[in-house]
2 protein chains.
Amino acid sequence: MNLHQFRFVQEAVRRNLNLTETAKALYTSQPGISKAIIELEEELGLEIFERHGKRLRRVTEPGQLVLRAVEIIMREVANLQRIGEEYSKQEAGTLSIATTHTQARYFLPEPVAALRRKYPRVQVVLHQGTPRQVAQMLRDDVAEIGLATEALAEVDDLVTLPCYEWQHVIVVPAQHALAAVERPTLEQLAAEPLVSYHPTFTGRSRIDQAFARARLKPTFALEAIDADVIKTYVRVGMGVGIVAELAMRDDPPGGDLVARPVGHLFGSNVTRVAFKRGAYLRQFVLTFVESLSDRLTGSLIQRAMSGNPVHYDL
Amino acid sequence: MNLHQFRFVQEAVRRNLNLTETAKALYTSQPGISKAIIELEEELGLEIFERHGKRLRRVTEPGQLVLRAVEIIMREVANLQRIGEEYSKQEAGTLSIATTHTQARYFLPEPVAALRRKYPRVQVVLHQGTPRQVAQMLRDDVAEIGLATEALAEVDDLVTLPCYEWQHVIVVPAQHALAAVERPTLEQLAAEPLVSYHPTFTGRSRIDQAFARARLKPTFALEAIDADVIKTYVRVGMGVGIVAELAMRDDPPGGDLVARPVGHLFGSNVTRVAFKRGAYLRQFVLTFVESLSDRLTGSLIQRAMSGNPVHYDL
DNA sequence: TATCCTTACGGAATTCGTAAGCATG
DNA sequence: CATGCTTACGAATTCCGTAAGGATA
């Protein structure tokens, strides 16, 4: 039994049981992978993978149990490396953050800058993707912490904590009829072509739910993952934009676009920070996570990490 | 980084940082241990052990963190082996039980026999010791499950579940004056020489507490770890025995010894079963643990293992 | 001086690559 | 026949033992 075998098995599962791809991903030879896995199976006296001829078809029942143990082992190996980083290169290291465009563009700049001010030798890597991809990047150890409004809370092996609460705003050109309406209604919006996020992004689910409850079928003229794109199309008259309020923060009140809060229509959303259950958080990571919300304290984070559910109001 | 290094570090800590002993315990050469640990420290870029000249003095602060990760990794490696056992040799394997004399002699025979009836190919190994030793045997992976009335519940990295509740009885020769007394008092007992368990065993702490509260200073003529020994000395007139009621179960009512329950004096005790947090319990182990109490069910045990506190009345 | 950790070194075992073989879809 | 896992084999590396060196209590 050795750590290589564990890594191979884990990566093989992540690569859909394709050992050739696994070998490429781990920069080693394919026969080496094959042999190592077979030897582990022999040592344990069970088959981790069900084989059909010479192809791996699926994970066996005992294989599932093996996999769970392997996940924990590899997690702790990663933790050991982080502990090493923390204590050898004091206050230096790399923080990989997986997040959506909205957070990367509008929310994270400030806390990331603060992190760099406090720890100038820390390097930050941003990985952008859909909320589901964010979750997957955490599971695959591509990123250490994740930030998104959707999806994260549903993933079982992630620990999530609420960061901040926000609502949607509609955005229209200053001369648009709705620019003068203080509290637009769902009916008014449904009558216009809309420009908003892709269905899996940034609270879009709340928007769809609200329209569905009112039995309205709005027209989406354009869907994007990105408020900057949405605003651009609103400017050229494609329709009424619906974006996160955060995305309008930097637009001056007297500018060419007018924003109206529509929390009364779509409710409020909670953006969450997540990390893999059991991950070791270095000091600067802890500091960073704390900086994401006034209510997040180190002890609260530790409590959440240890598996206890954490409840508090934002 | 490899599993050998982890094992060495773990064993070194268990052997009080004596690498020579560690090497002996692991049947390998002492320089090999030394080198492996140094290489791990180099790879992590930190010192796990503080050295004074050429001796290891103590575990450093980062070393504590490393140790915690190593413990988890080795635990999961042990789990992998158990999973292998479970699925390769179906319904066969070894179950190591750490327990005290009282349990081994009076409580366990029945459930152990039942286990062997259901799983004839399972081998049972009993490790006897003090309650503290029982706890230590679980921590050191000498035994997989432990059974004792004392100490177990206080150990942090063990999961414990109540098994059964019992009270003490006094034991006297049939012709003894107290043999006729239905409900003896603390004062009556304190006036006699007593024969009971060693202070750390089998509910003895309750006995001491009761006397202390009544400001009585009883005389213990003899202390043993073992009700059979105690009964023997009661027979030869050394004094009044105080043992677990279980220990008198097989003595016939009309025999040479008379037992009187004294739960009204010393309260009741709870015997607990324990295992290492995060251990993988094979099917036959689960069955065995369930058989220890009517109230223990598989799902309850799983819940306790997953870290959730379990509360129920016996 | 007895104990105990580190360094040095060499033979043995393991590792890991390439090349070839063979099963599936 | 293209993809993909397993087997074969040999060079390079790592492992792990004994022997020697140096530090502490």
Side-chain angles (χ1 to χ4, degrees), chain A residues 1-60 62-63 66-67 70 73-74 77 80-81, chain B residues 1-60 62-63 66-67 70 73-74 77 80-81:
Chain A
M1 242 191 273
N2 62 56
L3 295 176
H4 284 286
Q5 295 170 325
F6 300 157
R7 164 121 290 151
F8 294 168
V9 167
Q10 183 181 47
E11 195 65 30
V13 172
R14 289 181 180 170
R15 305 271 164 191
N16 284 314
L17 313 191
N18 183 324
L19 299 193
T20 309
E21 267 192 48
T22 303
K24 278 179 194 155
L26 299 179
Y27 306 105
T28 183
S29 72
Q30 184 272 318
I33 303 272
S34 180
K35 191 151 179 286
I37 292 178
I38 289 172
E39 279 171 359
L40 177 60
E41 290 179 318
E42 277 171 2
E43 181 169 356
L44 294 181
L46 52 78
E47 303 239 297
I48 299 171
F49 301 110
E50 188 182 307
R51 286 164 174 78
H52 193 241
K54 289 203 169 185
R55 315 223 161 176
L56 307 196
R57 189 175 276 280
R58 60 174 188 172
V59 179
T60 63
V66 169
L67 232 61
V70 164
I73 291 171
M74 296 316 292
V77 168
L80 280 175
Q81 283 160 340
Chain B
M1 240 192 275
N2 62 58
L3 295 176
H4 284 286
Q5 295 169 326
F6 299 158
R7 164 122 291 150
F8 293 168
V9 167
Q10 185 181 47
E11 195 64 29
V13 171
R14 289 180 180 171
R15 306 269 163 192
N16 284 313
L17 313 190
N18 183 327
L19 299 193
T20 309
E21 268 193 47
T22 303
K24 278 178 195 154
L26 299 179
Y27 306 104
T28 183
S29 71
Q30 182 272 320
I33 303 272
S34 180
K35 191 150 179 286
I37 292 178
I38 289 172
E39 280 171 359
L40 177 59
E41 291 180 318
E42 276 170 3
E43 182 169 356
L44 295 181
L46 52 79
E47 303 240 296
I48 299 171
F49 300 110
E50 188 182 307
R51 285 162 175 81
H52 193 239
K54 288 203 168 183
R55 315 218 162 179
L56 308 195
R57 188 175 277 278
R58 58 174 189 175
V59 179
T60 62
V66 169
L67 231 62
V70 164
I73 290 171
M74 295 317 293
V77 167
L80 280 174
Q81 282 160 342

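Here the structure is a predicted model, which means the values were calculated and not measured. Naming convention: chains lettered A, B, ... in sequence-line order (proteins, then strands); numbering from 1 in each chain.
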(message) So does Phe49(A) get a backbone contact from the side chain of Glu41(A), meaning a donor-acceptor N/O pair under 3.5 Å?
(response) yes
(message) Looking at Lys35(B) and Glu42(B), is any side-chain nitrogen of the basic one under 4.0 Å from a carboxylate oxygen of the acidic one?
(response) no
(message) Output the rounded distance in Å from CZ (Arg15(A)) to P (dC5(D)).
(response) 13 Å
(request) Scan Ser29(B) against the nucleic acid and name what it touches under 4.0 Å (heavy atoms): base, sugar-phosphate only, or nothing. (result) base
(request) Look only at the side chain of Gln5(A) and the backbone of Asn2(A), and say whether a donor-acceptor pair between them is shorter than 3.5 Å. (result) yes
(request) Would you mind building the protein contact string for nucleotides 20-25 of chain D? One character per nucleotide, 5' to 3', B for base within reach (heavy atoms under 4.0 Å), S for sugar-phosphate only, - for untouched. (result) -BSBBS
(message) I'd like to know if Glu50(A) pairs up with Arg57(A) as an ion pair, taking the criterion as any Lys NZ or Arg NE/NH1/NH2 lying under 4.0 Å from an Asp or Glu carboxylate oxygen.
(response) no
(message) What is the separation between atom CD on Glu21(A) and atom P on dT3(D), rounded to the nearest whole Å?
(response) 12 Å
(request) Quickly work out the Leu26(A) CG to dG17(C) P distance and round it to whole Å. (result) 11 Å
(request) Look at Asn2(A) and dT14(C) and indicate whether a side-chain polar atom (N or O) is within less than 4.0 Å of OP1 or OP2. (result) no
(message) Using side-chain heavy atoms (C-beta onward) and a distance below 4.5 Å, is Thr22(A) in contact with Leu17(A)?
(response) no
(request) Please check if the side chain of Glu21(A) supplies one atom and the backbone of Asn18(A) the other of a donor-acceptor pair under 3.5 Å. (result) no
(request) Rounded to the nearest angstrom, tell me the gap between atom CE in Met1(B) and atom P in dC15(D). (result) 14 Å
(request) Quickly work out the Lys24(A) NZ to dC5(D) P distance and round it to whole Å. (result) 10 Å
(message) As an exercise, state the distance from CZ of Arg15(A) to CD of Gln10(A), rounded to the nearest 0.5 Å.
(response) 11.0 Å
(message) What residues from residues 37-47 of chain A pass a heavy-atom cutoff of under 4.0 Å to DNA chain D?
(response) Ile38(A)
(request) Taking only the side-chain heavy atoms of Leu56(B) (C-beta and beyond), determine which of dT6(C), dG17(D), dC5(D) contains the nearest atom. (result) dT6(C)
(request) Check whether any side-chain N or O of Ser34(B) sits under 4.0 Å from OP1 or OP2 of dT7(C), and answer yes or no. (result) no
(request) Provide, to the nearest angstrom, the distance between the CG atom belonging to Asn18(A) and the P atom belonging to dG25(C). (result) 14 Å
(message) Let me confirm one number: the CG-CD distance from Leu40(A) to Glu47(A), rounded to the nearest 0.5 Å.
(response) 11.5 Å
(request) Nearest whole angstrom, please: distance from the P of dT3(C) to the CG of Asn16(B). (result) 17 Å
(message) Whole angstroms only, please: what is the CD1-P distance between Ile33(A) and dT6(D)?
(response) 11 Å
(request) Would you please name every residue forming a side chain to side chain contact (heavy atoms under 4.5 Å, CB included) with Pro62(B), sequence neighbours left out? (result) Tyr87(A), Leu46(B), Thr60(B)
(request) Respond yes when some side-chain nitrogen or oxygen of Thr20(B) is under 4.0 Å from OP1 or OP2 of dT3(C), and no when none is. (result) no
(request) Side chain of Arg51(B) only, please: which of dT6(C), dC4(C), dT15(C) is the nearest? (result) dT6(C)
